[in-house]
Protein chains: 2
Amino acid sequence: MTDAEAIKLSLESSGVRCTAQRYAVMAFLMENNRHPTAAEIFEAVNRMDPRSSRATTYNNLRDLVQAGLVREVAVEGRAARFDATGMKHHHFICDHCGNVEDMDWYDVPRPASVSLGERILRESELIFRGLCAKCALRQ
Amino acid sequence: MTDAEAIKLSLESSGVRCTAQRYAVMAFLMENNRHPTAAEIFEAVNRMDPRSSRATTYNNLRDLVQAGLVREVAVEGRAARFDATGMKHHHFICDHCGNVEDMDWYDVPRPASVSLGERILRESELIFRGLCAKCALRQ
DNA sequence: TTTCAAATTTAGATATAATCTAATTCTTGA
DNA sequence: TCAAGAATTAGATTATATCTAAATTTGAAA
């Protein structure tokens, strides 16, 4: 199976129609684990054909997040970043440049059920903060 | 020591001058562990005297975050939220309403140093996601 | 294949959140 | 008291994201 078919299949098995614009967003995220912003994705997709408007790029990111194929990472004071949820991983966010990097996955202990109360837990994510390698060297 | 004196002292020992506007922001956050947005803090402070402009509210939040007295929590698709970093805690973010709630603290395992590489780790935070008690009951 | 309703896309306007500007006021220490 | 730096201000501006309404595309039913 080609990559293209694999992407198409993963979209459709998640209940998302595989349109050309949606495919382009997904393909870009799968070959770029650099956690681009929506603006960067919009720009990248528009270097190809078919093009995609800003609204469509945002709509498709929202649809892919809802389908669980893409994760949105909010960063303090900066634009949100996106990545394909292929392999489980945690995130490192740089205090200085705001870049988001993948960190190896490991299981996180669940909160005590008394502490959880009536809440329904969907996932636990670990965010590491500090200076990324590039910014650490510069300081 | 009164609460007011304690707040003043904690600001000054963190190298932040205790102005009336800055005090108001800090006092509001200390008596409200509901993780208000900047807009909510701005509004709350302006029900008191002296008032504070929007720019000052944002400036002071930034100063308090830099001093380590306040934490900013970015939430996907919503305004950032703030809380006083009094006691260590983790956060629960509701998928549905976006509210941020405190969760009991427990130590998080450090990433393996090989995985960390040249990065400098400052802190590890755990974010739980799902439905808060209120939204869980409604679904 | 043809047809049509629903889904998707679009450009541009609008909304929301946060920051910037430059003038003013306040505070502190000499 | 005075000067210099720090803080505050109103309003403009920027950055990010969403909305609108019209046009286009899609896929399933006929």
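First the proteins, then the strands, lettered A, B, ... as listed; each starts at 1.
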Task: Gap between atoms CD and P, on B:Glu76 and D:dA17 respectively (whole Å) - done: 11 Å

TODO: Apply salt bridge (Lys or Arg N to Asp or Glu O under 4.0 Å) to B:Arg81 and list each qualifying residue two or more places apart in sequence or on a separate chain.
DONE: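 Listed in chain order: nothing, the list is empty.
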
Task: Length of the OH-P vector between A:Tyr23 and C:dT9, whole Å - done: 15 Å

Task: For A:Glu12, salt bridge (Lys or Arg N to Asp or Glu O under 4.0 Å) partners two or more places apart - done: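 Salt bridge (Lys or Arg N to Asp or Glu O under 4.0 Å) list for A:Glu12, sorted by chain: A:Lys8.
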
Task: Euclidean distance, atom CG of residue A:Asn60 to atom P of D:dA17 [Å, nearest integer] - done: 15 Å

- [ ] Give the rounded distance in Å between these two atoms: CZ of A:Arg22 and C1' of C:dT10.
- [x]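 These atoms are roughly 15 Å apart.
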
TODO: Send over the distance from A:Phe42 CZ to C:dT9 P, rounded to a whole Å.
DONE: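 About 14 Å, once rounded to whole Å.
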
Open item on the list: Whether the side chain of A:Thr85 engages the backbone of A:Gly68 through a donor-acceptor N/O pair (distance < 3.5 Å, no angle test) should be reported.
Closed with: yes

- [ ] Have a look at the helix from C:dT1-D:dA30 to C:dA30-D:dT1 and give the angle its two end axes make, five pairs each, rounded to 10 degrees.
- [x] 30°

Open item on the list: I want to check one thing: is the phosphate of C:dG12, taken as OP1 and OP2, less than 4.0 Å away from some side-chain N or O of A:Ser53?
Closed with: no

- [ ] Rounded off to whole Å, could you give me the CD1-to-C1' distance for the A:Ile41 and D:dA17 pair?
- [x] 13 Å

- [ ] State, with a plain yes or no, whether a side-chain heavy atom of B:Lys134 is found less than 4.5 Å away from one of B:Cys97.
- [x] no

Task: Rounded interatomic separation in angstrom, taking CZ from B:Arg51 and P from D:dG11 - done: 15 Å

TODO: Please round to the nearest 0.5 Å and tell me the distance separating atom CZ of A:Phe128 and atom CD of B:Glu123.
DONE: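 It is 11.0 Å, given to the nearest 0.5 Å.
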
TODO: Using the rule that two of Ile, Leu, Val, Met, Phe, Trp, Tyr join whenever any of their side-chain heavy atoms come within less than 4.5 Å, decide whether B:Val45 and B:Val65 are in one cluster.
DONE: yes

Task: Phosphate-side-chain proximity, A:Gln21 and D:dT25, N/O vs OP1/OP2 below 4.0 Å - done: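 No, no such contact exists.
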
Task: Length of the CD-P vector between A:Glu43 and D:dA15, whole Å - done: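 The distance from CD of A:Glu43 to P of D:dA15 comes to 15 Å, rounded to the nearest Å.
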
Task: salt bridge (charged side-chain N to carboxylate O under 4.0 Å, His left out) contacts touching residues 20-34 of chain B (sequence neighbours left out) - done: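 Found B:Arg22-B:Asp63.
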
TODO: Can you check each nucleotide of nucleotides 18-30 of chain C against protein heavy atoms at under 4.0 Å and return B for base, S for sugar-phosphate only, - for none, in 5' to 3' order?
DONE: BBB------SS--

- [ ] Check whether any side-chain heavy atom of A:Val73 lies under 4.5 Å from a side-chain heavy atom of A:Ile93, and answer yes or no.
- [x] yes

TODO: Hey, could you give me each pair passing ring-ring contact (aromatic ring centres under 6.0 Å, His included) that has a residue in residues 5-52 of chain B? Not counting sequence neighbours.
DONE: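 As it turns out, the ring-ring contact (aromatic ring centres under 6.0 Å, His included) pairs with a partner in residues 5-52 of chain B, which skip direct neighbours, are B:His35-B:His91.
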
